[in-house]
Amino acid sequence: MKTIREILHEAVMRAANELFQAALAPAHIQIQETRKEFEGDLTLVVFPLVKLAGKSPEATGQAIGEFLVREVPELVSFNVVKGFLNLVVAPGYWLRFLSSIPAQGHFGFREPGSRPRVMVEYASPNTNKPLHLGHLRNIFLGYSVARLLEANGHAVTRVQIINDRGIHICKSMLAWQRSGKNETPQSAGEKGDKLVGRYYVEFDKAFKKEVAELMAEGKSEDDAKTQAPLMLEAQDMLRRWEARDPEVYELWQRMNGWVYEGFNATYASMGVDFDKVYYESETYLLGRDEVMRGLERGTFFRKEDGSIWVDLTAEGLDQKVLLRRDGTAMYITQDIGTAILRFRDFPDTDYQIYTVGNEQEYHFKVLFKVLARLGWPQADRCYHLSYGMVELPEGKMKSREGTVVDADDLIAEMVNVAREVAEEQGKLETLSPQEREAVYADIGMSALKYFLLRVDPVKNMLFNPRESIDFNGHTGPFIQYGYVRTRAILRKAEDAGLIAAPPDTSCPISDWERSVIRRIHDFPSVVEEAATRYNPSIVANYAYDLARDFNAFYQHCPILREEDTGLRNVRLNLVARTGDVLRDALYLLGIRVVERM
RNA sequence: GGGCCCGUAGCUCAGAGGAUAGAGCAACUGCCUUCUAAGCAGUUGGUCGCAGGUUCGAUUCCUGCCGGGCUCGCCA
């Protein structure tokens, strides 16, 4: 079924042709929603057409309005206010549209796999730090974008990259060796990622103490940091790791294993997953080989000290190191290797999307240019999906100052609030304790996900612990509540034997029904826009608008109690389709709906 | 200093060339013996950072300032 906008667009072209003998460019035709203080559904802005028409805005609007109402059966009337032509769409059109939505499947989603494969990377954790609030924004964003791309017809590969090698990992290992007394997550009763993270912090404390002592002996800060015995030991451990020293390597595997168990538990509670996990320990050598190949071909150059560089000054960037003077790999080296490994693993990938914070924008500019210099045609189909930081009322999160908001703690807190609110209301008594817990978890997660996804990704955002766990107003639970209402009504309708037949398209409807149907009508274009702009906040805000329109309708229009069978039938259809769209919109945000709350 | 991004109501955020700039929170009013009140209806609250420019029309585009963030490490 054609959308009303498509129908109008076409008709306005014809109108201009017949009335003014003018051919319109798409930019001439501006159709927007009618503001609620005027009568109408859609409004044509006539100013761009005034010159072509050679008439005043009012006369132009009048002429086009008469033409449209005469020629377009979907329109019933029009009015012109200043340069705005307000058009009233026939209720029958909205009802035909409503009945055209299939009860099965996903309205507004494209055929799966009808578009090329896209790889989406999100969650690039280090194994020495537990996941925190910043990771939550990253992961929810990437996961939602992956679902949006699927809904828009793409095949999607979800990947995670784990930074499991480097000096920082050695620090945790070293601290554990020195004071861990063979402690394990089991013996300590602690999640593995938390345990390893604790030793990382411990190293940092001991290291700072050493630095302070050395400085007290008169050394400069820089000297103290490079000469501190703990640092030298950590560096030695990294060298032994690279040489595959069995003792070091085994400990590394063991401790990383603990971390992965911890991460996986967090991912499970977040309701996210991955198709493939990449480890930097498996890609840094490939990256190093690739840099050496570039050196041989003269793409890169070597400085006197032995380090290898790329000169990007011609592209407005700087000279960048790609390999240290001692030949070891750095961050960008392993990123080069990871990218190439992915090109090889998934040769059918059209686009590769890196979900990484905006503090790494420069890094990715460099990375993509280096890949291009190396001759990889996929380089210009790599995209850095950059997002802003999550700030706290006190400012930036700083692990050293203990202001990091831990992901597990936050999730637990959101679920607790959900439990408290629900128990206070006592609406879930018919459910078993297990079912109730599942509802609390889904509601708590919906609050958290919605909070982080409703903001435009490019913007920094504020996380205020007090206000952010509100479950009223513009929140995930509000939208869940709208969905739950649709489910409750449909359950009761079924119990009462009121099976909805297709709506009678001649049934008169009020503004309450009309605004909900109009909103549903917008859903496909919202999905497409959100997918092409990699922006879940568009869907998040849409879902809120739909839930709000539905609540207003719900409050003002009886459904099961409506005695007119035809109207009740229309309303039941409307309830069912609203529920479907709310469910699908939340799905695109990675949010699971609940049936009761 | 160079580069990128952000400045909209007391707070958190929508709006991306069009009409009198919108929500939520906070504050204040009403509405549950009636399909779930995590809701609905309403009141209060704005120099869209500042100054120019383009345009019939600018919060939206351009330029310059001001304020904030990030970045320009042989850290990751």
Side-chain angles (χ1 to χ4, degrees), chain A residues 27 30 32 34-35 37-38 43 45-48 50-51 57 81-84 86 124 126 128-129 163 166-168 280 303 305-309 316-318 320-326 328-335 357-363 365-366 386 388-389 391 393 395-396 418 421-422 424-425 427 443 447 451 454-456 458-464 466-468 470-482 484-493 496 537-538 540-541 544-545 547-548 550-562 571 575 596-597:
Chain A
Q30 293 178 32
Q32 57 194 33
T34 304
R35 297 182 66 96
E37 59 267 38
F38 302 103
T43 296
V45 183
V46 300
F47 293 108
V50 167
K51 254 182 204 162
V81 181
K82 296 189 207 168
F84 299 91
N86 301 319
S124 19
N126 289 351
N128 60 330
K129 280 184 200 157
N163 184 351
I167 189 83
H168 50 290
E280 293 192 343
K303 288 199 174 175
D305 65 5
S307 54
I308 297 174
W309 294 67
L317 303 175
D318 305 305
K320 301 293 296 182
V321 197
L322 300 178
L323 210 55
R324 292 194 186 94
R325 64 167 170 262
D326 64 3
T328 58
M330 24 196 316
Y331 184 53
I332 193 160
T333 323
Q334 48 200 30
D335 267 1
N358 63 8
E359 73 272 16
Q360 296 198 35
E361 278 172 14
Y362 190 81
H363 168 77
K365 272 186 195 163
V366 171
S386 170
M389 321 188 59
E391 286 161 358
K396 270 190 75 172
V421 174
E424 198 177 308
Q425 309 217 2
K427 292 175 184 169
I443 294 294
F451 182 85
R454 62 173 250 229
V455 180
D456 188 327
V458 304
K459 293 191 176 177
N460 287 1
M461 63 179 293
L462 184 83
F463 183 85
N464 184 327
R466 286 189 306 280
E467 292 168 15
S468 304
D470 196 352
F471 283 22
N472 299 308
H474 191 174
T475 65
F478 175 95
I479 298 163
Q480 291 272 16
Y481 192 69
V484 162
R485 276 178 156 172
T486 68
R487 302 304 297 162
I489 292 165
L490 294 174
R491 274 197 305 271
K492 293 203 169 160
S537 78
I538 295 168
N541 286 295
Y544 173 67
D545 289 337
R548 201 156 40 97
F550 175 75
N551 279 335
F553 157 75
Y554 173 90
Q555 207 81 27
H556 292 91
C557 302
I559 297 154
L560 299 175
R561 282 177 285 119
E562 173 57 51
R571 288 179 178 165
V575 169
R596 295 165 206 268
M597 65 188 283

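Labels below follow one simple rule: chain letters A, B, ... track the order of the sequence lines, proteins then strands, and each chain is numbered from 1.
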On a heavy-atom basis, which atom in [X] and which in [Y] lie closest, and how many Å separate them?
X        : Y        : value
A:Gly473 : A:Tyr544 : O-CE1, 4.0 Å
A:Ala493 : A:Leu560 : CB-CD2, 3.7 Å
A:Arg454 : A:Ala540 : CA-CB, 3.8 Å
A:Ile332 : A:Val321 : CG2-O, 3.8 Å
A:Ala329 : A:Leu323 : CA-CD1, 3.9 Å

Please indicate yes or no: is the ring centre of [X] less than 5.5 Å from the centre of the six-membered base ring of [N], with the two planes inclined by under 30 degrees?
X        : N     : answer
A:Phe38  : B:A19 : yes
A:Tyr554 : B:G39 : no
A:Phe47  : B:G57 : no

If you check the [X] side chain, which of [options] turns out closest?
X        : options             : value
A:Lys427 : B:U71, B:A37, B:G69 : B:A37
A:Ile489 : B:A38, B:C35, B:A41 : B:C35
A:Asn472 : B:U36, B:G69, B:C25 : B:C25
A:Arg485 : B:C72, B:C56, B:U36 : B:U36
A:Lys320 : B:A41, B:C72, B:A19 : B:C72
A:Ile443 : B:A41, B:C72, B:A38 : B:A38
A:Ile559 : B:C56, B:C70, B:C35 : B:C35
A:Arg548 : B:A19, B:G18, B:A23 : B:A23
A:Lys365 : B:A38, B:A14, B:C4  : B:C4

For [N], the Watson-Crick or wobble counterpart (both distances under 3.5 Å):
N     : answer
B:G67 : B:C6
B:C35 : none
B:G45 : none
B:G18 : B:C56

Phosphate OP1/OP2 of [N]: any [X] side-chain N/O under 4.0 Å:
X        : N     : value
A:Arg35  : B:A19 : yes
A:Arg324 : B:G73 : no
A:Lys459 : B:U12 : no
A:Tyr481 : B:A38 : yes
A:Lys82  : B:U20 : yes
A:Gln425 : B:A38 : yes

[atom1] atoms of [N] and [M], separation to the nearest Å:
N     : M     : atom1 : answer
B:U8  : B:G46 : P     : 15 Å
B:G7  : B:G15 : P     : 10 Å
B:G22 : B:A9  : C1'   : 10 Å
B:C28 : B:U36 : C1'   : 27 Å
B:C50 : B:U59 : P     : 10 Å
B:A21 : B:G10 : P     : 16 Å
B:U44 : B:C11 : C1'   : 16 Å
B:G73 : B:A58 : P     : 43 Å

Item checked: Along RNA chain B (nearest heavy atom to each residue), the more 5'-positioned of A:Thr34 and A:Asp470 -> A:Thr34
Check: For A:Asn551 and A:Phe84, take the nucleotide of RNA chain B holding the closest heavy atom to each; which residue's nucleotide lies nearer the 5' end?
Finding: A:Phe84
Note to self: Using only modelled atom types and a 3.5 angstrom limit, is any donor from either the side chain of A:Thr43 or the base of B:A19 paired with an acceptor on the other?
What the structure shows: yes
Check: What does A:Met597 touch in the nucleic acid at a heavy-atom separation under 4.0 angstrom: a base, only the sugar-phosphate, or nothing?
Finding: base
Next item on the list: Could you tell me whether A:Pro48 contacts a base, only the sugar-phosphate backbone, or nothing, with contacts defined as non-hydrogen atoms closer than 4.0 Å?
Entry: base
Next item on the list: Nearest whole angstrom, please: distance from the P of B:C25 to the CZ of A:Arg454.
Entry: 11 Å
Item checked: Nearest-Å distance for atom pair CD/P, residues A:Glu424 and B:U36 -> 20 Å
Notebook entry, point to check: Less than 4.5 Å apart, any side-chain heavy atom of A:Lys320 and any of A:Tyr362?
Noted result: yes
Margin query: For A:Pro558, is there any backbone N or O sitting under 3.5 Å from a side-chain donor or acceptor partner on A:Arg571?
Written below: yes
Check: Can you list the steps and then say if A:Val45 with A:Phe84 is a side chain to side chain contact (heavy atoms under 4.5 Å, CB included)?
Finding: CA-CA 5 Å; A:Val45 183; A:Phe84 299 91; 4.1 Å; yes
